[in-house]
Amino acid sequence: MKLTILGGGGFRVPLVHGALLADRGEGRVTEVVLHDLDAGRLHTVARVLAEQASALGDAPRVTTTTDLDAALRGADFVFSAIRVGGLDGRANDERVALAEGVLGQETVGAGGVAYGLRTVPVAVDIARRVARLAPDAWVINFTNPAGLVTEAMSRHLGDRVIGICDSPVGLGRRIARVLGADPKEAWIDYVGLNHLGWVRGLRVAGRDELPRLLADPGLLGSFEEGRLFGADWLRSLGAVPNEYLHYYYFNRDTVRAYQEAEKTRGAFLRDQQARFYEEAGRADVSALGLWDRTRNEREATYMAENRETSGAGEREADDLSGGYEKVALALMRAIARDERTTLILNVRNQGTLSVLDPDAVIEVPCLVDANGAHPVAVAPLPGHATGLVCSVKAVEREVLAAAESGSRATAVKAFALHPLVDSVNVARRLVDGYTAVHPGLAYLK
């Protein structure tokens, strides 16, 4: 079975490869093609993968290419983890937004809109090529903003593109762990959009254990989201939000913390990864050892400003091991081998949430089998969550419209309608600022 990884020179590719190496079942991936525009990064990541596989005699064969069409031909699965504009682009997204006093995070607020505007045209081109060159392939999208990009690609690939994210998985695992339950045996009632969802229940043997968590201040203070949001606010919500909702619920505090930080997250990752790729090219360095040390630093500093603002403290050791690669492998196995499972995924709504149309991509538990991912019916969202979901989905639709039409006015509308952008004039300045620093937005006229 052939797996093509787009963004194959990306820093997190070894996580996916590590999961493939651990898969010893029949029908596993035997060929991995790494595609990237940067041949140097491809070479470095290939070195890391070779060290990972050095002790195994039947590891998947790994090849690299900068030719997108060649990478796609014959693929059974396509894993998309591209970063249009690189980490320089992310750092610029943050800098331009913070200069206007609004959030520039990668997927949330002005930064997420900017990232979407320059990523959607590239993702659509990829989707069209997959439809032409590998029409039977399944596309697993991790490219951010994951829900928005998955929806853009679904207009050309239908339900053969599925978005994944590790945030809901990690949240469900932490809640189950605090309640003394096995995450594999728990049903997580999670619903929303990517990076905008809530755990509303956690059922073990048919019993919802979430009320027990919400009623116990000690339990609430014992895991990351409990400390991040605070016990009082979680009880008010009657749910546990995805960590990214901290940007909405505590926006002013977070923006101030980001403005006062020595570096933005994008600038930190840009500098950190530049060092990694430079040092990993040396013959006397273990590329795998260097990658592992760099990854640990990356994970330990994740959302550091948010945790500092809320007093949440350092991340727990169990949360430093990633997770999206396990979701990707479980998804591939379920489809390729008809190993039926339940995963929280980004898929087309198909009537699951009545407040959104059938084609809107949402993030919910899905039953997965050889025919793909099927969203599970969920109870309606409460009013406060419905309003936020509908508002952000409306912004996503304006981003898609701007990417399709090239309309600068529509791009301004996308920024202005976002709940975290507080003025149409700010939206206009954001578009001016982003088009000035991002060649990938030159299409906006």
query: Do the side chain of E325 and the main chain of A19 share a donor and acceptor less than 3.5 angstrom apart?
result: no
query: Which distance, rounded to the nearest 0.5 Å, do you find between the NE2 of H246 and the CG of L228?
result: 4.0 Å
task: Taking the side chain as every heavy atom from C-beta outward, state whether I5 and V33 have any pair of such atoms under 4.5 Å apart.
output: no
query: If you take all heavy atoms of R90 and L269, which pair is closest and at what distance?
result: NH1-CD1, 3.5 Å
Closest contact, heavy atoms only, V255 versus V102: CG2-C, 4.2 Å
query: Is the number of heavy atoms from other residues, nucleotides or ligands within 6.0 Å of NZ (K413) greater than 12?
result: no
message: For the backbone of A137 and the side chain of R160, can you confirm whether one donor and one acceptor N or O come within less than 3.5 Å of each other?
response: yes
Any residue meeting salt bridge (charged side-chain N to carboxylate O under 4.0 Å, His left out) with D422, in chain and number order, not counting sequence neighbours: none
- line: Taken in chain and number order and not counting sequence neighbours, the residues that satisfy ring-ring contact (aromatic ring centres under 6.0 Å, His included) with H195 are Y244
- prompt: For the atom pair CD (Q105) and OH (Y247), what is the distance rounded to the nearest 0.5 Å?
  reply: 4.0 Å
query: Are more than 12 heavy atoms from other residues, nucleotides or ligands located less than 6.0 Å from atom NE2 of H374?
result: yes
message: Does atom CD (Q259) have a neighbourhood of more than 12 heavy atoms from anything else shown, all under 6.0 Å?
response: yes
message: Just so I know, are the side chains of H384 and L237 near enough to count as touching, which here means a heavy-atom distance under 4.5 Å?
response: yes
query: Who pairs with F415 by ring-ring contact (aromatic ring centres under 6.0 Å, His included), at least two apart in sequence or on another chain?
result: Y434
- request: Let me know which of N242, L388, I362 forms a side-chain contact (heavy atoms from CB on, under 4.5 Å) with L196.
  value: L388
- line: Smallest heavy-atom separation, A416 atom then A427 atom, equals N-CB, 3.5 Å
field: Value rounded to 0.5 Å, distance of CD in E151 from CG in N194
entry: 12.0 Å
- prompt: Within the side chain of W138, is there an N or O that forms a donor-acceptor pair under 3.5 Å with the backbone of M332?
  reply: no
task: Applying ring-ring contact (aromatic ring centres under 6.0 Å, His included), name anything that partners Y190, two or more places apart in sequence or on another chain.
output: none
- prompt: Taking only residues two or more places apart in sequence or in another chain, which ones pass salt bridge (charged side-chain N to carboxylate O under 4.0 Å, His left out) with R155?
  reply: none
- prompt: Under 3.5 Å, is there a donor-acceptor pair between the side chain of R12 and the main chain of Y324?
  reply: no
message: My understanding is that only one of L213, V191, I175 makes a side-chain contact (heavy atoms from CB on, under 4.5 Å) with V199; could you say which?
response: I175
- prompt: Are the side chains of N349 and D357 in touch, meaning some heavy atoms are under 4.5 Å apart?
  reply: no
query: Heavy atoms, side chains only, cut-off 4.5 Å: are L381 and R200 in contact?
result: yes
- prompt: Rounded to the nearest 0.5 Å, how far apart are CG of D432 and CG of L444?
  reply: 11.0 Å
task: Answer whether the closest heavy-atom distance between the side chains of V392 and P419 falls below 4.5 Å.
output: yes
field: Minimum-distance pair of heavy atoms, taken over all atoms of L117 and P121
entry: O-CD, 3.3 Å
- line: Between the CG atom in L234 and the CG atom in L210, the distance rounded to the nearest 0.5 Å is 9.0 Å
message: With heavy-atom distances below 4.5 Å as the criterion, would you say the side chains of T143 and L6 are in contact?
response: no
- prompt: Is there side-chain contact between F229 and L245, with at least one heavy-atom pair below 4.5 Å?
  reply: yes
message: Strictly below 4.0 Å, N to O, side chains only: are E225 and R174 in salt-bridge contact?
response: yes
field: T341 side-chain N/O to A334 backbone N/O, donor-acceptor pair under 3.5 Å
entry: no
message: side-chain contact (heavy atoms from CB on, under 4.5 Å) for R95 and T264? Distances and angles first, verdict last.
response: CA-CA 8 Å; R95 180 178 57 79; T264 64; 5.8 Å; no
message: Between V45 and D36, does the side-chain contact (heavy atoms from CB on, under 4.5 Å) criterion hold? Intermediate values first, please.
response: CA-CA 11 Å; V45 170; D36 204 286; over 6 Å; no
- prompt: Yes or no on side-chain contact (heavy atoms from CB on, under 4.5 Å) for W198 and V389, after CA distance, side-chain angles and deciding distance?
  reply: CA-CA 11 Å; W198 298 260; V389 163; 3.8 Å; yes
message: Can you see whether T150 engages N141 through a side-chain donor-acceptor pair at a distance of less than 3.5 angstrom?
response: yes
task: Taking the side chain as every heavy atom from C-beta outward, state whether S391 and L417 have any atom pair closer than 4.5 Å.
output: no
- prompt: Between F142 and F79, what is the ring plane arrangement, given parallel below 30°, perpendicular above 60°, and tilted in between?
  reply: parallel
- prompt: Without hydrogens or angle criteria, can the side chains of Q350 and D159 be said to hold a donor-acceptor pair below 3.5 Å?
  reply: yes
message: Quick test of your reading of the model: are R129 and D125 salt-bridged, counting only N-O distances below 4.0 Å?
response: yes
task: Give a yes or no answer on whether the side chain of R41 reaches the backbone of Y277 with a donor-acceptor pair at less than 3.5 Å.
output: no
- prompt: Can you list the residues that meet the salt bridge (charged side-chain N to carboxylate O under 4.0 Å, His left out) rule with E278, with sequence neighbours excluded?
  reply: none
- request: Start with the C-alpha gap between V130 and H156, add the side-chain angles, then the distance that decides, and say whether side-chain contact (heavy atoms from CB on, under 4.5 Å) holds.
  value: CA-CA 9 Å; V130 171; H156 303 274; over 6 Å; no
- request: Please work out which of the three classes, parallel, tilted or perpendicular, describes the rings of Y248 and H418, given edges at 30° and 60°.
  value: parallel
message: I'd like to know if the side chain of T410 and the backbone of G406 have a donor-acceptor N/O pair within less than 3.5 Å.
response: no
Check: G206 main-chain N/O paired with R203 side-chain donor or acceptor under 3.5 Å: yes
message: For R293 and N296, which I'm curious about, is there any donor-acceptor pair between the side chains at under 3.5 Å?
response: no
message: Nearest 0.5 angstrom please: D93 CG to L98 CG, how far?
response: 10.5 Å
task: Taking all non-hydrogen atoms of both residues into account, name the closest pair between A110 and V421 and its distance.
output: CB-CG2, 4.3 Å
message: Minimum heavy-atom separation for D369 and N371, please, with both atom names.
response: OD1-N, 2.8 Å
